[in-house]
Amino acid sequence: MIVGILGCGAIANIIVNNFLARENGINIKYFYDHDIKKAENLARISDGIAVLNIDDMVDHVDLVLEAASPISVEKFALNILKKGKDIIVMSIGALMDKKLRNELIEVATEHNSRIFAPSGAIVGLDGIKAASIGNIRKVNLTTRKPPRSLGKDNNEEEVLYEGKASEAVKKFPTNINVAAALSIACNRDVDVKIIIDPSVDKNVHEVIVEGDFGQFKTRTENLPCETNPKTSMLAAFSAIKLLKSLNENFIMGT
Ligand SMILES: NC(=O)C1=CN([C@@H]2O[C@H](COP(=O)(O)OP(=O)(O)OC[C@H]3O[C@@H](n4cnc5c(N)ncnc54)[C@H](OP(=O)(O)O)[C@@H]3O)[C@@H](O)[C@H]2O)C=CC1
Ligand SMILES: O=C([O-])CC(=O)C(=O)O
């Protein structure tokens with residue numbers, strides 16, 4: 001399976017540095033970013049090809065791994081799927097737009113392509129998907145990030161946002177994709193609180209779910225990526241795990 005990466009920043013770097021060439025029959029070969037230097041850097045590390053135009057990548061791959069921005073999903077995903085290519089979407093916030101999501105699913109169905117959304121920086125998506133088979137009464141996400149992860153310099157704790165996931169992804173498009181992942185997993189616009197917390201040095205996501213199944217609470221304490229502290233290492237690791245699983249015949253978890 002030939003893979004191309006769209007967006008050559010923090011997540012793409014971790015993927016390339018933790019993925020052996022041609023592992024599990026997967027060859028990450030093409031790289032595109034609007035900064036060609038970033039694409040060239042990853043191409044050099046992995047003996048791949050940097051392209052100036054995204055079509056030069058899409059035409060040659062089986063799957064595009066998007067690790068760029070929600071806008072890049074709006075801009076490129078439809079065309080990728082129309083060409084019969086699969087896509088892994090990291091900027092899941094873009095998929096909170098139901099119109100876009102339905103359009104992408106329709107085109108994917110028509111062209112026999114697939115859309116994958118990895119669990120990213122959060123744990124518990126397996127549980128919430130299973131829970132959604134029954135009635136869910138409550139889903140709360142509280143995200144705490146150190147000031148530098150949110151581009152702030154607070155000395156004291158501050159609630160940056162409290163409201164629905166659909167608004168959170170619009171206000172903080174590159175900071176709260178996890179809220180979109182949770183919402184889509186259980187088909188509900190979940191309640192979100194984002195806190196700037198100078199007392200933490202990790203990106204912390206706490207989730208409480210209550211429903212017919214009972215209840216669960218998860219707490220993820222993520223180490224931020226060195227080059228982009230907004231983003232957690234686990235998000236990149238989840239993409240690697242998903243990539244590897246595409247050629248496997250045994251699927252673990254919901
Ligand atoms: N699902 C999840 O749990 C998580 C998702 N994410 C999301 O994943 C995405 C990637 O994260 P990360 O690697 O940290 O981001 P980075 O900002 O480190 O890297 C993204 C790269 O993609 C480039 N880029 C952005 N938009 C476009 C575009 N339209 N065309 C070409 N290149 C583009 C950026 O350029 P430039 O810097 O010039 O804009 C940058 O070089 C983000 O949207 C982020 O919010 C992150 C963490 C968790
Ligand atoms: O990486 C994280 O911890 C969360 C994040 O940025 C996002 O959900 O967009």
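Whatever order the structure lists them in is the order used to number ligands and atoms, beginning at 1.
Atom CG of N112 sits in a sparse spot, with 12 or fewer heavy atoms from other residues, nucleotides or ligands closer than 6.0 Å. Other residues, nucleotides and ligands contribute only 12 or fewer heavy atoms inside 6.0 Å of the NZ atom of K152.
Side chains of S232 and N203: a donor-acceptor N/O pair is present below 3.5 angstrom, by distance only. Side-chain atoms of H205 and T143 form a donor-acceptor pair, as typed in the model, at a separation below 3.5 Å. No hydrogens or angles considered: a donor-acceptor pair under 3.5 Å links the side chains of S91 and E66.
Those atoms of ligand 1 that come under 4.0 Å of a heavy atom in S91, given as number and element, are 8 (O), 9 (C), 42 (C), 43 (O). The distance from ligand 2 to the heavy atoms of A121 drops below 4.0 Å at these ligand atoms: 1 (O), 2 (C), 3 (O), 4 (C). Near K38, meaning under 4.0 Å from one of its heavy atoms, ligand 1 places the atoms 35 (O), 37 (O), 40 (C), 41 (O). Those atoms of ligand 1 with a heavy atom of S72 less than 4.0 angstrom away are 28 (C), 29 (N). Ligand 1 places these atoms under 4.0 Å from at least one heavy atom of V178: 3 (O). Less than 4.0 angstrom separates some heavy atom of G120 from each of these atoms of ligand 1: 2 (C), 3 (O). When each atom of ligand 1 is checked for a heavy atom of S69 under 4.0 Å away, the hits are 25 (C), 26 (N), 27 (C), 43 (O). Residue K230 approaches ligand 2 through these ligand atoms, each under 4.0 Å from one of its heavy atoms: 1 (O), 2 (C), 5 (C), 6 (O). Close contacts between ligand 1 and A10 involve ligand atoms 13 (O), 14 (O), 16 (P), 18 (O), 19 (O) [criterion: under 4.0 Å to a heavy atom]. Shown in contact with P70 at under 4.0 Å from a heavy atom are these atoms of ligand 1, numbered in order with element: 43 (O).
In terms of polar-atom proximity, V178 is counted as a contact of ligand 2, with an N or O under 3.5 Å from an N or O of the ligand. For ligand 2, the polar-atom distance check against T231 finds no nitrogen or oxygen pair separated by under 3.5 Å. Backbone and side-chain nitrogen or oxygen atoms of M90 are examined, and one is located within less than 3.5 angstrom of a nitrogen or oxygen of ligand 1. Some N or O of I176 is nearer than 3.5 Å to an N or O of ligand 2, by distance alone. Below 3.5 Å of separation, one finds an N or O of I11 facing an N or O of ligand 1. Backbone and side-chain nitrogen or oxygen atoms of S119 are examined, and none is located within less than 3.5 angstrom of a nitrogen or oxygen of ligand 1.
The residue among T231, L95, N177 with a heavy atom at the shortest distance from atom 14 (O) of ligand 1 is T231.
Between the side chain of D197 and the main chain of S199, a donor-acceptor pair closer than 3.5 Å is present. At distances below 3.5 Å, at least one donor-acceptor pair connects side-chain atoms of D62 with backbone N or O atoms of I2. With hydrogens and angles ignored, the 3.5 Å screen pairs a side-chain donor or acceptor of N247 with a backbone N or O of N24. Not one N or O on the side chain of D86 forms a donor-acceptor pair closer than 3.5 Å with the backbone of S113. With hydrogens and angles disregarded, a donor-acceptor distance shorter than 3.5 Å links the side chain of N222 to the backbone of A121. Put simply, the side chain of D126 never gets that close to the backbone of G253: no donor and acceptor are under 3.5 Å apart. In this structure, the side chain of R188 does not engage the main chain of S132 through any donor-acceptor pair within 3.5 Å. Judged by distance alone, with hydrogens and angles left aside, the side-chain atoms of K145 form a donor-acceptor pair with the main-chain N or O of K230 at under 3.5 Å.
Contact annotation for T174 and ligand 2: only backbone heavy atoms (N, CA, C, O) come within less than 4.0 Å of the ligand. Counting heavy atoms under 4.0 Å from ligand 1, residue N228 touches it through the side chain alone. Proximity of K230 to ligand 1, defined as any heavy-atom pair under 4.0 Å, is not found for any part of the residue. The proximity of A235 to ligand 1, defined as any non-hydrogen pair under 4.0 Å, is limited to the side chain. Here N203 has side-chain heavy atoms under 4.0 Å from ligand 2, and that is the only part of it that gets that close.
Taking the six-membered ring for Trp and thresholds of 30 and 60 degrees, Y32 and F76 have ring planes more than 60 degrees apart, a perpendicular arrangement.
Nearest protein neighbour of atom 23 (C) of ligand 1, counting heavy atoms only, is D33 OD2, 3.3 Å. For atom 9 (O) of ligand 2, the closest non-hydrogen atom on the protein side is N177 ND2, 2.8 Å. Given atom 19 (O) of ligand 1, the protein heavy atom at minimum distance is G9 CA, 3.2 Å. Atom 4 (C) of ligand 2 has its closest protein heavy atom at H205 NE2, 3.5 Å. The protein heavy-atom contact nearest to atom 3 (O) of ligand 2 is S232 OG, 2.5 Å. Summary of contacts: the protein heavy atom closest to atom 3 (O) of ligand 1 is A121 N, 2.9 Å. Nearest protein heavy-atom neighbour of atom 35 (O) of ligand 1: H34 NE2, 2.9 Å.
Shown here for V58 and K83, the closest heavy-atom pair between the two residues is CG1-CD, 3.7 Å. Of all non-hydrogen atoms in S238 and G120, the two that sit nearest each other are OG-N, 2.9 Å.
Residue contact check for ligand 1: I92 places a non-hydrogen atom closer than 4.0 Å to it. Residue-ligand proximity: I71 is placed with every non-hydrogen atom at 4.0 Å or more from ligand 1.
Residues H60 and V51 fail the side-chain proximity criterion, which asks for heavy atoms closer than 4.5 Å.
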- prompt: Should S166 and D189 be marked as a side-chain hydrogen bond (donor to acceptor under 3.5 Å, both in side chains) after you check the CA-CA gap, both sets of side-chain angles, and the distance that decides it?
  reply: CA-CA 6 Å; S166 52; D189 198 358; 2.6 Å; yes
